[in-house]
Amino acid sequence: MTTINLPVDGKIVPYTLTGTPIEINKRDAKSFPRIAFAAAHVVADPLADNDPWLTPAIDWERTLAFRHRLWDLGLGVAEAMDTAQRGMGLGWPEARDLIRRALAEAAGRKDALIACGAGTDHLTPGPNVTVDTIIKAYEEQIETVEAAGGRIILMASRALAVTAKGPDDYVRVYDRILRQVKEPVVIHWLGEMFDPALEGYWGNGDHLKAMETCLQVIEANAAKVDGIKISLLSKEKEVTMRRQLPKSVRMYTGDDFNYAELIAGDEQGHSDALLGIFDAIAPAASAALEALGRKSNHEFFDLLEPTVPLSRHIFKAPTRFYKTGVVFLAYLNGLQDHFTMVGGQQSTRSLTHLAELFRLADKARVLADPELAVTRMKQVLAVHGVH
């Protein structure tokens with residue numbers, strides 16, 4: 001057994017690894033009873049001569065290789081979403097490049113499920129931004145994705161959250177956009193815990209009242225809506241909305257706290273998945289979904305439930321910093337050679353937080369190579385003065 005000294009409560013305490021890594025096998029999404037997207041991160045280029053807070057530098061080879069890994073596991077890729085640091089280091093010019101490159105990679109495979117985020121993040125919210133300006137901004141990004149052959153994930157708009165006078169403005173924007181899209185979209189309702197700038201989305205700070213407006217939009221445009229992903233970290237709210245959706249519209253869980261039971265579902269329905277945590281726990285998610293496809297619910301929960309404490313830790317408040325944990329786990333697992341992030345975001349979590357992530361990842365069996373993970377954890381500890 002391998003032991004490593006880790007910080008906890010201001011002290012350095014030995015920790016002995018006990019997890020047996022989940023076997024990594026290629027899988028076909030056709031064996032899954034749910035549609036499952038992983039919102040994928042981007043790999044920074046640590047050798048670029050840039051100012052990380054100002055200018056993103058992306059390692060395209062590693063970034064695109066990571067997408068192929070997700071596809072090999074049977075998972076879809078939700079591209080250029082908040083997990084890719086959209087709006088937190090990755091601007092629209094870089095996101096546009098990422099979308100085009102990822103769609104080109106997907107085109108070379110027969111099994112690649114991919115959908116891409118389109119929003120208004122190239123707008124700076126302010127008094128000169130109108131509802132019409134926001135509509136045009138959405139149209140610009142949608143045109144880019146559709147021109148490259150991509151499906152749309154319609155992202156929430158910070159500019160709309162600032163500009164809208166009430167629910168009617170949201171209805172106006174979404175009705176206009178949904179009438180124009182070529183294929184049904186996934187609407188993304190991202191809660192303020194993920195992005196404080198989106199508080200009061202749909203024109204109301206009460207999520208249940210905001211839900212009424214969102215449902216109104218979906219019902220009026222059901223033929224243009226494949227599904228909705230809500231990220232409110234409340235299983236009760238997700239189930240409440242799920243039970244009110246038109247039959248043709250899917251619920252994609254974005255609940256990184258309760259995904260296992262929401263995907264499993266109940267007698268009245270289930271959620272599909274579009275999750276940032278699936279980037280970090282892809283082998284476990286893939287194996288669990290295959291087990292669910294074999295109607296082995298017990299195995300499904302045995303594989304996925306141990307990842308929930310890890311996910312809750314990664315997504316703990318301030319939730320918007322969850323990307324740091326996702327990238328750190330990719331580093332521990334040898335999927336990138338460094339713990340460096342676009343925008344310098346590797347600094348948003350403490351060493352103590354990362355140490356607890358390490359423990360929970362071991363317990364969840366998602367450290368693919370424990371010896372490598374220990375070596376890399378020790379390197380991070382040394383940088384922080386722990387030897």
Determine yes or no for a side-chain-to-main-chain donor-acceptor pair under 3.5 angstrom, with [X] supplying the side chain and [Y] the backbone.
X    : Y    : answer
T307 : L304 : yes
D362 : G19  : yes
D51  : W53  : no
S296 : L292 : no
N333 : L335 : no
H338 : A44  : yes
H384 : V386 : no
W71  : A106 : no
S311 : F257 : no
E94  : G91  : yes

Residue pair L232, E238: steps toward the side-chain contact (heavy atoms from CB on, under 4.5 Å) verdict: CA-CA 8 Å; L232 301 178; E238 179 171 321; over 6 Å; no
ring-ring contact (aromatic ring centres under 6.0 Å, His included) evaluation trace for Y174 with W202: CA-CA 10 Å; Y174 279 83; W202 300 108; 4.6 Å; yes
Any side-chain donor-acceptor pair under 3.5 Å between [X] and [Y]?
X    : Y    : value
T324 : R349 : no
Q85  : Q345 : no
H270 : R242 : no
H68  : D72  : no
T120 : S157 : yes

Would you call [X] and [Y] a side-chain contact if the rule is heavy atoms closer than 4.5 Å?
X    : Y    : value
H207 : E192 : yes
N204 : T213 : no
K378 : H387 : no
V185 : I142 : no
S286 : R27  : yes
R151 : D226 : yes
M377 : I4   : yes
Y138 : L154 : yes

Among F321, F315, Y322, side-chain contact (heavy atoms from CB on, under 4.5 Å) partner for P318: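 For P318, the side-chain contact (heavy atoms from CB on, under 4.5 Å) test succeeds with only one of F321, F315, Y322, which is F321.
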Looking at [X] and [Y], what are the two nearest heavy atoms and their distance?
X    : Y    : answer
R86  : A80  : NH1-O, 2.7 Å
A137 : H122 : O-CE1, 3.4 Å
A264 : F300 : CB-CE2, 3.8 Å

Criterion side-chain contact (heavy atoms from CB on, under 4.5 Å) on Y201 and L190, from CA distance to verdict: CA-CA 9 Å; Y201 210 72; L190 189 67; over 6 Å; no
Y331/D337 under side-chain hydrogen bond (donor to acceptor under 3.5 Å, both in side chains): CA gap, chis, key distance, verdict: CA-CA 6 Å; Y331 167 67; D337 294 330; over 6 Å; no
Intermediate values then yes/no, side-chain contact (heavy atoms from CB on, under 4.5 Å), F37 and L75: CA-CA 6 Å; F37 286 97; L75 300 174; over 6 Å; no
Hey, could you give me the [atom1]/[atom2] distance between [X] and [Y], rounded to the nearest 0.5 Å?
X    : Y    : atom1 : atom2 : value
D97  : I58  : CG    : CD1   : 7.0 Å
Q141 : E146 : CD    : CD    : 12.5 Å
T83  : F278 : OG1   : CZ    : 12.0 Å

Neighbour count above 12 (heavy atom, 6.0 Å) for [X] [atom1]:
X    : atom1 : result
E143 : CD    : no
E199 : CD    : no
D206 : CG    : yes

Co-members of V8 in a cluster of I, L, V, M, F, W and Y side chains, linked at under 4.5 Å: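 V13, listed by chain and number.
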Sub-6.0 Å ring centroid separation between H41 and F66: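 Distance test on ring centres: under 6.0 Å, yes.
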Centroid-centroid under 6.0 Å between F328 and F358 rings: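 Not close enough - the centres of the two rings lie 6.0 Å or further apart.
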Audit row: D132, K136, salt bridge (Lys or Arg N to Asp or Glu O under 4.0 Å) steps and yes/no: CA-CA 6 Å; D132 286 334; K136 290 179 181 178; over 6 Å; no
Pair R69-D279, salt bridge (Lys or Arg N to Asp or Glu O under 4.0 Å): steps then yes or no: CA-CA 10 Å; R69 177 178 185 266; D279 173 299; over 6 Å; no
Matching residue for D272 among R250, K229, R34 - test: salt bridge (charged side-chain N to carboxylate O under 4.0 Å, His left out): R250
Worked check of salt bridge (Lys or Arg N to Asp or Glu O under 4.0 Å) between D9 and K11: CA-CA 6 Å; D9 296 330; K11 300 178 181 179; over 6 Å; no
Pairwise side-chain hydrogen bond (donor to acceptor under 3.5 Å, both in side chains) hits with a residue in residues 214-224, at least two apart: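 As it turns out, the side-chain hydrogen bond (donor to acceptor under 3.5 Å, both in side chains) pairs with a partner in residues 214-224, which skip direct neighbours, are D175-N221.
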E105 with R67: basic N within carboxylate O range, under 4.0 Å: no
Test: R158 and D121 ion pair at under 4.0 Å: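 Judged by the 4.0 Å cut-off on N to carboxylate O distance, R158 and D121 do not form a salt bridge.
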Derivation of the side-chain hydrogen bond (donor to acceptor under 3.5 Å, both in side chains) call for R96 and T144: CA-CA 7 Å; R96 181 175 56 208; T144 296; 5.6 Å; no
Chi angles and distances behind the side-chain contact (heavy atoms from CB on, under 4.5 Å) call for L329, L367: CA-CA 8 Å; L329 197 47; L367 294 179; 3.9 Å; yes
